[in-house]
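Step one of this worksheet: look at the structure below.
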Amino acid sequence: MTWLSLLITVLIAAVFLAVLEEGLWEKGAWKPSSGFLELLGWLVVLDLFWPMGWGKAIELVLDVPEEWLVLEQGSVLVLGIWGIGVLIHAHNYGKSLLDTRAVLRVFMVRKPDLFYRKIPVYIASHIQTPMVIGWKKAIFLPEGKRWKENLILEHEYQHMRHHDFWIKQAINFLCIVYWWFPMIHGFRDNMALLLELHVDRVVTARMKKAEKIHYARRLLADATAASKPVLASGFCGSKKGSVLELRIQKILTTRRLFRNDFVLCVMCCLVLGFGKMTHISLVPMDGTGITAIQDQRGLEN
């Protein structure tokens, strides 16, 4: 992998993230479906997890000053700065994991308070919002009868069923590797919101209109009752103030994948594919580099 292939990866991710931000918060007249937004999020994950090219079907040769050729070779100083940043962010992430594990071990030594679909459920005063922890395969609820309703338990069960905890940790891994990419941290929050929207859609899929309204009111009541949690669920970071409003809007307004969304999905996949199959070569402006490339192609043929 060269710096140029990494540059293409970041540029594609930046375009997708800008579209995701615009579509998720519906700032304008464009109101995409949740299915399109989820697909866009997964395309970003695929792009960043696989920064290498998928081939050389498209090859671009750029004439540049000889001093610019260092970009293609990389820099020890840049790698050093990147490595230091990775170590710092990995240390902070590891510390949050250890702190969470230490808190959970306080009440994991006792028997579960109840079971939901054969999943152990623990009641603890350490948390103020329901949550799941992937490596324990358990649901954790705050104290109080209001949190034991089937709606809440089903919501947390679906998070566990769809492995949302591990998806969040994969996004955290991307945040560690791409710590220098400013848009990645906003993507972490938006991806966490997409996971919530997905679970909301799964839980309310067979509900009637009145049941969806009850579910939305319950979300509003729970958000009002819960203050800032002592133990953050999934380490997903801060959330915007309009998240609850957006979730309620998506619950009460069901949008399928529109034709325009389907066209955009195809276009995004094509952009990702062309970007991954494009190889850029930098050659000196004197033309000797182009001659060398032509000679190499002649040998290959």
Query raised in the report: Side chains of E156 and Y116: is there a donor and an acceptor less than 3.5 Å apart?
Result: no

Report summary line: Quick note, side chain to side chain donor-acceptor pair (under 3.5 Å) partners involving residues 175-186, not counting sequence neighbours, are none

Query raised in the report: Is there a path from V199 to V202 through hydrophobic residues (I, L, V, M, F, W, Y) whose side chains come within less than 4.5 Å of each other?
Result: no

Report summary line: d(K168 NZ, L195 CG) to nearest 0.5 Å is 6.5 Å

Query raised in the report: Going by distance alone, is a donor N or O of one side chain under 3.5 Å from an acceptor N or O of the other, for E196 and H155?
Result: yes

Requested in this report: Determine whether the side chains of D200 and Y215 contain a donor N or O and an acceptor N or O closer than 3.5 Å.
Outcome: yes

Query raised in the report: Would you say the side-chain atoms of Q249 and E245 include a donor-acceptor pair closer than 3.5 Å?
Result: no

For a quick test of your reading: what N or O donor-acceptor pairs under 3.5 Å do the side chains of residues 37-49 make, sequence neighbours left out?
{"residue": "E38", "atom": "OE1", "partner": "R201", "partner atom": "NH2", "Å": "3.2"}
{"residue": "E38", "atom": "OE2", "partner": "R201", "partner atom": "NH1", "Å": "3.0"}
{"residue": "E38", "atom": "OE2", "partner": "R201", "partner atom": "NH2", "Å": "2.9"}
{"residue": "D47", "atom": "OD1", "partner": "K276", "partner atom": "NZ", "Å": "2.9"}
{"residue": "D47", "atom": "OD2", "partner": "A13", "partner atom": "N", "Å": "3.3"}

Query - Presence of salt bridge, R206 and E211, under 4.0 angstrom - result: no

Query raised in the report: Partners of K209 by side chain to side chain donor-acceptor pair (under 3.5 Å), sequence neighbours excluded?
Result: none

Report summary line: Shortest non-hydrogen pair, S96 vs Y93, comes out as OG-O, 2.6 Å

Query raised in the report: Taking it one step at a time, do V121 and D113 satisfy side-chain contact (heavy atoms from CB on, under 4.5 Å)?
Result: CA-CA 6 Å; V121 179; D113 295 279; 5.9 Å; no

Query raised in the report: Looking only at heavy atoms, what is the nearest atom pair of I171 and R188, with distance?
Result: CG2-CA, 3.8 Å

Query raised in the report: Is there a side-chain contact (heavy atoms from CB on, under 4.5 Å) between F181 and L174 once you walk through the steps?
Result: CA-CA 10 Å; F181 182 33; L174 290 178; over 6 Å; no

